[in-house]
Number of protein chains: 2
Amino acid sequence: MMTTATPKTLSADAGAASPTSRQSRTHLANDAWEGLLTAHTTLMRQFAAEGSWNEVSMREYDVLYTLTKCTTPAGQPNPQRIGELGRNVLLSQPALSRLVDRLEARGLVERLPDPADARSVRIGLTASGREAQRIAGSSHGVSVTRTMTAALSPEELRTLIALTRKLQEATS
Amino acid sequence: MMTTATPKTLSADAGAASPTSRQSRTHLANDAWEGLLTAHTTLMRQFAAEGSWNEVSMREYDVLYTLTKCTTPAGQPNPQRIGELGRNVLLSQPALSRLVDRLEARGLVERLPDPADARSVRIGLTASGREAQRIAGSSHGVSVTRTMTAALSPEELRTLIALTRKLQEATS
DNA sequence: TCAAAGTATATGCGTATGCATATATCAACC
DNA sequence: GGTTGATATATGCATACGCATATACTTTGA
């Protein structure tokens, strides 16, 4: 999906136990990225098809989930800055600002002033927002669990977690 | 980024060598998906920032690359159906149809009749399209190689390829 | 303390996207 | 062979997006 040119033997030599047995490091790196990208596309489609995204779209859910996830060490809800939310969502800052507009208009989040910085705005979940996240999430979570466990063993899941964490850490 | 609710210990217990040491299979599956999603977001941003996407946007490149990649076993260029292209790109069919419109207007691809099926349209790369892919791809390929090899060893890259392949196969 | 540079969010505007649906063709069945 | 349902792509329309920029505030440094 995304690599330099002339692949030809892209995944043609994967017959044996060791997939893509002997390749240049460049080809290996690009194949890995392409694999990640393709898996992402395939899984996104799968999860979009299953799950009920009538109340809340997948991208909106992504924001609501991030807000649910982010709690203080003590477990208190912790309204996030728009910029912070943007780190998790593949959207431009203006697009995210307007996504928050729409969520706010529907009463799912609220813009709160930041006591420490008057430029900033804290986005907080409302009760409805928390509820919407919970409903969409339960359906989605089942879907994710089913698909991921069908494809990978627990050990492989752990390996995938470790590898994606390394990628994040090396990039950010 | 995307999981069911009440995560709390999302990646908090990853202190030791074995990350996310003991978790329910459900939590494991959702963490793996979240990891994949976050890595995707982070890397996409990275590759968008590097690389020169002036002539061709990343999504356009994705289509051009797919066309470059798809060749007959003999190595002949193999114009793809729009539906086939859509499998690789996270776009709706109408959006892809119009993306092809724009690429065609710029002379990067051409719509060819399908001899076997008059409903279908084959999308073929033009010389300019191949050239545009090559130029964008060389810059992008360097970026991908640098980032991926900085984060993961060759063995880890191979593992990631294997895992993402399993995910695709189990899903599609 | 004030000016200049930096940061966080919002808005104007043109374009791309998704949903629903239209159009054209194929495939199957009678 | 003609009708019915499925498949491949295209178009109308409302909406969401990205880029450039504006606005508001903070930080730095003289």
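Note: hydrogens, waters and symmetry copies are ignored here, and every other heavy atom, side chains too, is used.
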Base, sugar-phosphate or nothing for [X]? Non-hydrogen atoms, less than 4.0 Å.
X	result
A/L91	sugar-phosphate
A/D117	sugar-phosphate
B/R98	base
B/R111	sugar-phosphate

Under 4.0 Å: is that the gap between some side-chain N or O of [X] and OP1 or OP2 of [N]?
X	N	answer
A/R59	D/dC17	yes
B/R102	C/dT17	yes
B/S97	D/dA10	yes

Describe, in one word, how the ring planes of A/W33 and B/F47 are oriented to each other, choosing from parallel (under 30°), tilted (30 to 60°) and perpendicular (over 60°). perpendicular

Fit a plane to each ring of B/H140 and B/Y61, take the angle between them on a 0 to 90° scale, and name the class: parallel (under 30°), tilted (30 to 60°) or perpendicular (over 60°). perpendicular

Which of these nucleotides, D/dG18, D/dA10, C/dA10, is closest to any side-chain atom of B/V121? D/dA10

Closer to the 5' end of DNA chain D via nearest nucleotide, is it A/A118 or B/S120? B/S120

Heavy-atom nearest nucleotide on DNA chain D taken for A/P94 and for B/G83; more 5' hit belongs to B/G83

If you assign A/R119 and A/I82 each to the DNA chain C nucleotide with the nearest heavy atom, which residue ends up on the more 5' nucleotide? A/R119

How close or far is atom [atom2] of [N] from atom [atom1] of [X], stated in whole angstroms?
X	N	atom1	atom2	result
A/D114	D/dC25	CG	P	13 Å
B/M58	C/dT17	CE	P	14 Å
A/E60	D/dA16	CD	C1'	11 Å
A/R122	C/dA10	CZ	P	14 Å
B/Q93	C/dA20	CD	C1'	12 Å
B/L103	D/dA10	CG	P	13 Å
B/E110	D/dT9	CD	P	16 Å
A/L99	C/dT11	CG	C1'	16 Å

For the residue pair B/C70 and B/T66, establish whether any side-chain heavy-atom pair is separated by less than 4.5 Å. yes

Point-to-point distance, once rounded to the nearest 0.5 Å, from NE2 of A/H40 to OG1 of B/T41: 6.5 Å

Could you tell me whether A/R119 and A/D114 have a side-chain N and a carboxylate O separated by less than 4.0 Å? no

